[in-house]
Amino acid sequence: MRLTRYFLPVLKENPAEAQIVSHRYMLRAGMIKQQAAGIYSWLPLGFKVLKRIEQIVHEEQIRAGHIPLLMPTLQPADLWRESGRYDDYGQEMLRIKDRHDRDMLYGPTNEEMITDIFRSHVSSYKELPLTLYHIQWKFRDEVRPRFGVMRGREFLMKDGYNFDVDREAALHAYNRHMVSYLRTYERMGLTAIPMRAASGPIGGDNTHEFLVLASTGESEVFYDDAVTGLKLGNREVDYDDRAQVKAICDEFTTLYARTDETHDEALFDAVPEARRKVGRGIEVGQIFYFGTKYSESMGATVVTADGSRVPVEMGSHGIGVSRLLGAIIEASHDDKGIIWPEGVTPFHAGIVNLKQGDAATDAACEAIYAALKAKGLDPLYDDRDERAGAKFATMDLIGLPWRVTVGPRGLANGKVELTSRRTGISEEMTAETAVDRIAQIYEGV
RNA sequence: CGGAGCGUAGCGCAGCCUGGUAGCGCACCUGCUUCGGGAGCAGGGGGUCGGAGGUUCGAAUCCUCUCGCUCCGACCA
């Protein structure tokens, strides 16, 4: 994309309403525009990152054997009356009446609807296990939205629901989600730690929240510092192998890591003092096994091998897709702007033309731009007639991980500059080498 | 929902207390010079001051109501 043909309304000054760094940078980098309290338009740059994150979530869900579908944003109230949540949910639920005076609601989540789909079409244990998910906009009418997309009222969320014949199978679905989430966050350049969450009425250790450590996080967290070093990496995972999946979950959940909701001083004290950490975290996902709560109230049953009819075992599993943009920025930025991890960056690299209009410099930039595109990459070429400083400032703000700087001075020696946004380190090399290096960097991403 | 505050040009703000029909910086447009970290000079365009009502000869300024937004707290992915 050529910047002169793109829509990137960057702001030089900080908008007054933005309090935290991710909100400020998303506004300044022209990623979002607020339309009402907690409701945002996604401008092209923000939309691109949102779509990249969504794509990673899809890929990892499908890899884990989960099946995508799409449920509507508006739901009939009757389904929620069946589960009892129409009255329980409170004012966070946005209630709407249609022209026929029927009660509708803008979905804050989809347990009822997915259970309705399931009960309409599935009646035998032979069709299980089944895990369905979708990525859809939700609405929760928060009393006090804030922090930009971190706590909006409208938000994009991946929510998945597993249907299993018994508790063991359902717990495997739970574990499968944990592993798929670990991989998802790692691909986004995040360290998200699964922490035991408040267990609710079912009891036991059947819900975990995933937290990204950040000083602006909403939750106080207590953890063994060793958990921050755990990585899934590129290891092969067979999602049908219950023992392997369980072993990975154990590996990631044995060390102490809890939010203030479930914090246990006695257990925490057992962590070696040097590794005992207290911090803050941003919740970017939660997995939950809840058994038959909805299947019983809504009549979602299957016939088992011995001919009996049992309510199906369920769990639900969410990732805050839109919120992840904020979380990633909170975890990856400096005083000049955003620093995108390669996995989610809106453009793979930026090309800065230091002397727009100079025949040699223009030609070199065009060649690099074409070469990167030929490699299947998505570069952003700053071809504006701006001064160098303005171009650098824009690139730093929008946070592309790699920048190719092209100017007459370097070209005189046949060189351009490749700069890492994260380290700030620049290296001189030929244009061809720079293109190859960038292509190489993205090979494994 | 309890407490506090703010709505004046695209953005950031001053003016309001002590009424006299609006100003600064950035951005934008034109020209010249500049050109490796948000350039300089000159010229120019843009707002009727969130909305409604009231007081007054006169309201951005005072009063009432209303809408929106923000912050602290409680709540929350």
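In what follows, chains carry the letters A, B, and so on, assigned in the order in which the sequence lines appear, proteins first and then strands, with residues in each chain numbered from 1.
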Margin query: Need one value for A:Gly285: base, sugar-phosphate or nothing, where a base atom within 4.0 Å counts as base even if backbone is also close, heavy atoms only.
Written below: nothing
Check: With both distances kept under 3.5 Å, what pairs with B:rU61, Watson-Crick or G-U wobble?
Finding: none
Check: With ring centroids as reference points, do A:His317 and A:His66 lie under 6.0 angstrom apart?
Finding: no
Check: Does the B:rG38 base have a donor-acceptor partner in the side chain of A:Glu386 within less than 3.5 Å?
Finding: no
Next item on the list: Could you say whether A:Gln286 or A:Val10 is positioned toward the 5' end of RNA chain B, judged by the nucleotide with the nearest heavy atom to each?
Entry: A:Val10
Checklist line | Nearest-angstrom distance from the residue atom CD of A:Glu261 to C1' of B:rA77 | finding: 12 Å
Note to self: Is there, by distance only and without an angle test, a donor paired with an acceptor across the side chain of A:Arg384 and the base of B:rG38 below 3.5 Å?
What the structure shows: no
Checklist line | Distance in angstrom units between A:Asp335 CG and B:rG37 C1', rounded | finding: 13 Å
Check: With rounding to whole Å, what would you report as the distance between B:rG58 and B:rG19 at their P atoms?
Finding: 15 Å
Next item on the list: Determine the contact category for A:Gly320: base if any of its heavy atoms lies under 4.0 Å from a base atom, sugar-phosphate if only primed atoms, P, OP1 or OP2 are that close, otherwise nothing.
Entry: nothing
Margin query: Is there a side-chain contact between A:Gln91 and the phosphate of B:rC75, meaning an N or O under 4.0 Å from OP1 or OP2?
Written below: no
Check: Is A:Gly152 touching bases, backbone alone, or none of the nucleic acid, heavy atoms closer than 4.0 Å?
Finding: base
Notebook entry, point to check: What integer number of Å spans the P atoms of B:rG44 and B:rA52?
Noted result: 33 Å
Notebook entry, point to check: When all nucleic acid strands are considered with a 4.0 Å heavy-atom cut-off, which category describes A:Ala393: base, sugar-phosphate, or nothing?
Noted result: base
Notebook entry, point to check: What is the distance, rounded to the nearest whole Å, between atom CZ of A:Phe147 and atom P of B:rC75?
Noted result: 15 Å
Note to self: If we check salt bridge (charged side-chain N to carboxylate O under 4.0 Å, His left out) with A:Arg323, which of these qualifies: A:Glu330, A:Glu283, A:Glu218?
What the structure shows: A:Glu218
Next item on the list: Look at all strands and tell whether A:Gly407 reaches a base, only sugar-phosphate, or nothing, counting heavy atoms closer than 4.0 Å.
Entry: base
Next item on the list: Check the distance between B:rA27's C1' and A:Glu13's CD and give it to me in whole angstrom.
Entry: 9 Å
Check: Mind checking who B:rA42 pairs with, Watson-Crick or G-U wobble, both distances under 3.5 Å?
Finding: B:rU30
Note to self: So that I know where these two stand, are A:His23 and A:Phe147 an aromatic pair - ring centroids less than 6.0 Å apart?
What the structure shows: no
Check: Hey, what's the ring geometry for A:His263 with A:Phe222, parallel, tilted or perpendicular (30° and 60° as the breaks)?
Finding: parallel
Margin query: I want to know whether A:Tyr133 and A:Tyr161 have ring centres closer than 6.0 Å.
Written below: no
Check: Start at the 5' end of RNA chain B and walk down; is the nucleotide closest to A:Glu142 or to A:Gln19 reached first?
Finding: A:Gln19
Next item on the list: Indicate, with yes or no, if the rings of A:Phe210 and A:Phe252 have centres closer together than 6.0 Å.
Entry: no
Check: Under 6.0 Å between the ring centres of A:Phe155 and A:Trp137?
Finding: no
Checklist line | Euclidean distance for P, B:rG68 against B:rA27 (whole angstrom) | finding: 34 Å
Next item on the list: Find the distance A:Leu27:CG to B:rC26:P and express it as a whole number of Å.
Entry: 22 Å
Next item on the list: From the options B:rG38, B:rG12, B:rA77, select the nucleotide whose nearest atom is closest to the side chain of A:Ala16.
Entry: B:rG12
Checklist line | Residue A:Arg387, side-chain atoms from C-beta onward, closest of B:rU34, B:rC1, B:rG38 | finding: B:rU34
Checklist line | For atom OH of A:Tyr25 and atom P of B:rC11, their distance in whole Å | finding: 21 Å
Next item on the list: Let me know the distance between NE2 of A:His23 and P of B:rC71, rounded to the nearest Å.
Entry: 8 Å
Margin query: Would the base of B:rC69 count as contacting A:Arg146 through its side chain, where contact means a donor and an acceptor less than 3.5 Å apart?
Written below: no
Note to self: If you compare every side-chain N and O of A:Arg151 against the phosphate oxygens of B:rC76 (OP1, OP2), does one of them come in below 4.0 Å?
What the structure shows: no
Notebook entry, point to check: Nearest-Å distance, CZ (A:Arg24) to C1' (B:rU70)?
Noted result: 15 Å
Item checked: Close aromatic pair by centroid cut-off 6.0 Å: A:Phe288 and A:His208 -> no
Notebook entry, point to check: Is there aromatic stacking of A:Phe155 against B:rA77, centre distance under 5.5 Å, plane angle under 30°?
Noted result: yes
Next item on the list: With C1' as the reference atom in both, quote the distance from B:rG10 to B:rC72 in angstrom, rounded to an integer.
Entry: 30 Å
Note to self: For a quick check of understanding: with a heavy-atom distance under 4.0 Å over all strands, which category does A:Ser322 fall into, base, sugar-phosphate or nothing?
What the structure shows: nothing
Item checked: Interatomic distance at P, B:rG54 relative to B:rA59, whole Å -> 12 Å
Check: Under 4.0 Å: is that the gap between some side-chain N or O of A:Lys12 and OP1 or OP2 of B:rC26?
Finding: no
Check: Taking any strand in view, what nucleotide pairs with B:rG36 in a Watson-Crick or G-U wobble way, both distances under 3.5 Å?
Finding: none
Note to self: My understanding is that a pair needs two contacts under 3.5 Å, Watson-Crick or G-U wobble. By that rule, which nucleotide pairs with B:rC24?
What the structure shows: B:rG12
Checklist line | Watson-Crick/G-U partner (both atom distances under 3.5 Å) of B:rG68 | finding: B:rC6
Checklist line | B:rU18 and B:rA39, which share atom name P, separated by this distance in whole Å | finding: 44 Å
Note to self: When both hydrogen-bonding distances must be under 3.5 Å and the geometry is Watson-Crick or G-U wobble, what is B:rC1 paired with, if anything?
What the structure shows: B:rG73
Next item on the list: Determine the interatomic distance between C1' on B:rC16 and the same-named atom on B:rC49; round to the nearest Å.
Entry: 11 Å
Check: Is there a side chain to side chain contact (heavy atoms under 4.5 Å, CB included) between A:Asp88 and A:Tyr86 once you walk through the steps?
Finding: CA-CA 6 Å; A:Asp88 293 346; A:Tyr86 192 68; over 6 Å; no
Notebook entry, point to check: From the list B:rC1, B:rA77, B:rG38, which nucleotide is the closest neighbour of the side chain of A:Arg323?
Noted result: B:rA77
Next item on the list: Counting Watson-Crick and G-U wobble pairs only, both distances under 3.5 Å, name the nucleotide matched with B:rU55, or none.
Entry: none
Next item on the list: Look at the side chain of A:Asp396 and the base of B:rG37, then say whether one donor and one acceptor between them are separated by less than 3.5 Å.
Entry: yes
Check: Does the B:rG3 base have a donor-acceptor partner in the side chain of A:Arg144 within less than 3.5 Å?
Finding: no
Check: A:Arg409 has a side chain; which of B:rG38, B:rG36, B:rC76 sits nearest to it?
Finding: B:rG36
Notebook entry, point to check: When rounded to the nearest Å, what value does the distance between C1' atoms of B:rG7 and B:rG15 take?
Noted result: 15 Å
Next item on the list: Describe the nucleic acid contact of A:Thr109 in one word from base, sugar-phosphate, nothing, applying a heavy-atom distance below 4.0 Å.
Entry: nothing
Notebook entry, point to check: So what does A:Glu209 hit on the nucleic acid, given a heavy-atom distance under 4.0 Å: a base, only sugar-phosphate, or nothing?
Noted result: nothing
